[in-house]
Amino acid sequence: MFEIVAKKQLSNQIWQLDIHAPLVAAKARPGQFVVVRAHDKGERIPLSISDFDSQAGHITLVVQAIGHSTTDLVSLEVGEKAADLLGPLGTPAEIDNFGTVVCVAGGVATAIIYPEARAFQQAGNKVITLLGARSADLFFYEDELRQCSDEVRYATEDGSRGKQGFVTELLQELIDAGEQIDRVVAIGPVPMMRAVCELTRPYQIKTVVSLNPIMVDGTGMCGACRVEVGGETRFCCTDGPEFDGHLVDFAALQNRSRQYQNLEEKIPHHHSNGGCAGQCQQ
Amino acid sequence: MSAVRRALSAQTGRAIMPTQDPNQRIHNFAEVNLGLTAEQAQREAGRCLQCKNPLCVQGCPVNVDIPGFLHWGAQGQWEGALEVILETNLFPGICGRVCPQEHQCEGRCILGRKGEPIAIGSLERFAADSGAQDSFFLDKSTLAGETGDGEKVAVIGSGPASMAAAAELARLGYRVEMFEALHETGGVLSYGIPEFRLPKSIVAREFANLAELGVKVHTNVLFGRTLDLEDLWAQDFKAVFVGAGAGLPRFLGIEGENLNGVFSANEFLTRVNLMGAHQFPEYETPITMGKKVVVVGGGNTAMDAARTARRLGAKVTVVYRRSLEEMPARAEEVRHAQEEGIHFTIRSNPVKVLGRDGWVSGVCCQRMELGDAGPDGRRRVTAVPDSFFDLPADTFIVAIGQSPNPILRQGLPELKFTDRGVIAVDDNYATSIPGVFAAGDITTGGATVISAMGGGRGAAQSIHRYLQGK
Ligand SMILES: Cc1cc2nc3c(=O)[nH]c(=O)nc-3n(C[C@H](O)[C@H](O)[C@H](O)COP(=O)(O)OP(=O)(O)OC[C@H]3O[C@@H](n4cnc5c(N)ncnc54)[C@H](O)[C@@H]3O)c2cc1C
Ligand SMILES: Cc1cc2nc3c(=O)[nH]c(=O)nc-3n(C[C@H](O)[C@H](O)[C@H](O)COP(=O)(O)OP(=O)(O)OC[C@H]3O[C@@H](n4cnc5c(N)ncnc54)[C@H](O)[C@@H]3O)c2cc1C
Ligand code: SF4
Ligand code: FES
């Protein structure tokens, strides 16, 4: 179990791993995640299920190697095994025929939004996908997303593809063009999700975000993943990871994500090199 | 303890377990209690009056035949003693270490009226450890007359309730498969109770015994998400035991509780016990621990968190609403905590977590007053107006109890729960779903290891009757 059956590098920092996990593959739904431990002394880290094949018994994870645990995981070779993998965790995304759904993603989240975009399309929605990255060579999953979207638009910080700027500007353009938007799903770095929510709030467009706090067990036992939503404390691993973005306290989320920043630098062979394709600094 | 008192108690009074020196043990995670010597144990067992109507047995939730095992012990026959214990308690190595004996067997011992009760817990531990290789399989044929028909029974969770249920079902002849959400087995025994109180090797020994009985263990399976009831029936399981525990940490609901440096005791203890955060960076899970730690609560969980923080080098203060005597923690743990230099601020309650730059900087508390006893026999506590005071802190650990985990509720919508959020069961541990039984903290709320084990065992017997009657 948990053998790496395929591995592919999608960009400089981002890897795609197919892992043998038949029980998880059989139950997985869009929006859910797993908790993985690469090896015996490793940390339990949450990762979204980017795709699943219940026939083959495989799930697909797309991992951005930003720290020691993610680096350990992507350094497993085909045929090697992750020590542990638990899932599917979290509440599945709410999929329905809403009308027009805009999927907004940045960086590694492109892979996370893919199963949702596909499910939205299958449910009969018009799907518009907006992707952001630092530069053109950082995009991946383009064919997949084009297949399940009515339209895909790009934004890059250096202008090498699509609009020069952030994905939020693409969303603003859509709204300004009078597109009737029934729901926005935004997944990516916290500052990006926050900016999307600030943008849609005055238009009262329902906006769902997928939160990524630090987790330990992923089963509701430790409370590490607690987030403030609508003034209440919720456990992201069991109540989420998706919440109504207009109710999320993003400042608190961002603060809690830096709890272990100093300590993580102490781990030997630390390969961290900058994080979320630069989007963290937005 | 002075040499004189030690010698005296060895002669006349109760045997006192040798412990690691407090100044030394705050620097390590090795077991604090070192175990009685053979000589101490035999003499202590010999102090028992062999009462005709032994009150100690009534005080024990599973009614271990205490005079029976002490009778063997008094003759130095510990294998015989162990055999007697195993008739009712399958895991004496664990219970001898963690049961609140002062409220149970020892609290009732007749010798306690005038002098000191028999050190039943220490002797139970001694019996278990001296027979460690064989453990409860001394006599594998205990239940040989009763062979279940090799049918499959699923056990959800791997805490004490599930361990006891699995052992009993296996001994009754069922094929048992255990499904645990975490990557390690043992429930609270592994992720909650620290090594210095219950070495992991003791828990591992019991799981090795379970494996020998044919129990198959699957870790990394969250029932309700990875597998559901339909799957189990489809895989030909004939009955299901649920021992999912009360894992959801409670918080105080006060301002500042989501600041960095505020942990539930579960998170704090899990990071250290399960993930090895005290050996960071060799183990990759970090823990941010300050120099000044405040823990709120008075149960075993609070003591474990406080003593763990102490071992990570902090100055620790425990804040508790009532008096020291009213703490629900085992008396020995409170004493050991005091010896380890942990400070207690009693009759106080946190009202606000103070912060600076998103991190904890202190805890504002209020004094509490104890009034008359309420219907449950415990004295009521009320806040004293205008009695606020601040404790400086860079880490704040909340250890005020646990509620049942909500995932089962989501996974089994047809399962009936009580108003208190625990699974509703009848006298036979049967739930509202035919073939599904439950026991332990998931049916009682946070309780004790021995009550969970007693429940697990009782439920196994009910499952046996259910499957035989079918
Ligand atoms: C529900 C959920 C789904 C996720 N899905 C994916 C995914 O599909 N692909 C992917 O690459 N990542 C995903 N993440 C983020 C991933 O879990 C973290 O990147 C990972 O835990 C970092 O571990 P590390 O040891 O490699 O880095 P660390 O060395 O632990 O951390 C590096 C930096 O990342 C920050 N960080 C730590 N944990 C998290 C976290 N949980 N989320 C965000 N930042 C964190 C740290 O503060 C630090 O600044 C997801 C997180 C959650 C909660
Ligand atoms: C820190 C701490 C110290 C304690 N100290 C003592 C003490 O000294 N003496 C004493 O008598 N009692 C003590 N207790 C209480 C005692 O540990 C519990 O009463 C006892 O462990 C309950 O046993 P259980 O089997 O019901 O549940 P647990 O021990 O909680 O085990 C439940 C198991 O089920 C798993 N699980 C949960 N949901 C699922 C699911 N859906 N699918 C699969 N697996 C699942 C969990 O991961 C866990 O491993 C302490 C508790 C804590 C937290
Ligand atoms: S009550 Fe005390 S003295 Fe009497 S049988 Fe029990 S342990 Fe022995
Ligand atoms: S990760 Fe532990 S409660 Fe959510």
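- Across every non-hydrogen atom of A:Gly220 and B:Pro249, the tightest pair is O-CD, 3.7 Å.
- Between A:Tyr260 and B:Thr288, the shortest heavy-atom contact is CE2-N, 3.4 Å.
- With chain B as partner, the option from A:Thr238, A:Val216, A:Thr219 having the largest number of non-hydrogen pairs under 4.5 angstrom is A:Thr219.
- Put simply, of B:Val262, B:Val398, B:Thr219, B:Leu227, the one with the most heavy-atom pairs under 4.5 Å next to chain A is B:Val262.
- Considering CH2 of B:Trp359 and CG of A:Asn255, their distance stands at 8.0 Å, rounded to 0.5 Å.
- For A:Asp40, the part sitting under 4.5 Å from any heavy atom of chain B is the backbone (N, CA, C, O) and nothing else.
- Here the straight-line distance linking atom CG of A:Leu89 with atom OG1 of B:Thr226 works out to 7.0 Å at 0.5 Å rounding.
- Neither the backbone nor the side chain of A:Ile45 comes within less than 4.5 Å of any heavy atom in chain B.
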Verify salt bridge (charged side-chain N to carboxylate O under 4.0 Å, His left out) between A:Lys41 and B:Glu284, making sure each step is shown before the conclusion. CA-CA 6 Å; A:Lys41 292 181 177 173; B:Glu284 293 183 342; over 6 Å; no
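- Separating the OG atom in B:Ser264 from the CE atom in A:Met221 is a distance of 8.5 Å, to the nearest 0.5 Å.
- Of the atoms belonging to B:Gln402, not a single heavy atom falls under 4.5 Å from chain A.
- Both the backbone and the side chain of A:Arg256 come within less than 4.5 Å of a heavy atom of chain B.
- Contact annotation: the side chain of B:Ile287 never approaches that of A:Gln259 to less than 4.5 Å [non-hydrogen atoms, C-beta and beyond].
- Taking A:Ala21, A:Ala83, A:Gly42, A:Gly90 one by one and counting their heavy-atom pairs under 4.5 Å with chain B, the maximum is reached by A:Gly90.
- At a heavy-atom separation below 4.5 angstrom, chain A is approached by B:Phe251, B:Glu257, B:Asn258, B:Leu259, B:Asn260 within residues 250-260 of chain B.
- Residues A:Phe2 and B:Asn220 have side chains in contact (heavy-atom distance under 4.5 Å, counting atoms from C-beta outward).
- Looking only at side-chain heavy atoms (C-beta outward), A:Arg44 and B:Thr285 stay at 4.5 Å or farther from each other.
- Under the 4.5 Å side-chain criterion, counting only non-hydrogen atoms from C-beta, A:Thr91 is in contact with B:Arg225.
- The environment of A:Lys7 atom NZ is dense: over 12 non-hydrogen atoms of other residues, nucleotides or ligands sit within 6.0 angstrom.
- Residue B:Lys352 qualifies as open at atom NZ: its count of foreign heavy atoms under 6.0 Å is 12 or below.
- Sparse packing is recorded around NZ of A:Lys81, with 12 or fewer heavy atoms of other residues, nucleotides or ligands lying under 6.0 Å away.
- If you measure heavy-atom distances from A:Leu85 to chain B, the contacts under 4.5 Å come from the backbone alone.
- We find the CZ-SG distance between B:Phe263 and A:Cys222 to be 10.5 Å, quoted to the nearest 0.5 Å.
- Dense packing is recorded around CD of B:Glu282, with more than 12 heavy atoms of other residues, nucleotides or ligands lying under 6.0 Å away.
- Applying the salt bridge (Lys or Arg N to Asp or Glu O under 4.0 Å) test to B:Asp304 and every residue at least two apart in sequence or in another chain returns B:Arg197.
- For chain B, the nearby parts of A:Ala224 are the backbone and the side chain; heavy atoms of each come within less than 4.5 Å.
- Taking NE2 from B:His183 and CG from A:Leu86, the interatomic distance works out to 10.5 Å, rounded to the nearest 0.5 Å.
- Of the listed residues A:Ala26, A:Pro88, A:Ala28, the one with more heavy-atom pairs under 4.5 angstrom with chain B than any other is A:Pro88.
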Between B:Tyr191 and A:Asp217, is a side chain to side chain contact (heavy atoms under 4.5 Å, CB included) present by the stated rule, with each step listed? CA-CA 11 Å; B:Tyr191 75 73; A:Asp217 58 300; over 6 Å; no
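- Here the CG atom belonging to A:Leu23 is positioned 9.0 Å from the NE2 atom belonging to B:His218, to the nearest 0.5 angstrom.
- When heavy atoms are compared at a cutoff of 4.5 Å, A:Gln32 approaches chain B solely by way of its side chain, counted from C-beta outward.
- Heavy-atom distances place both the backbone and the side chain of A:Arg258 under 4.5 Å from chain B.
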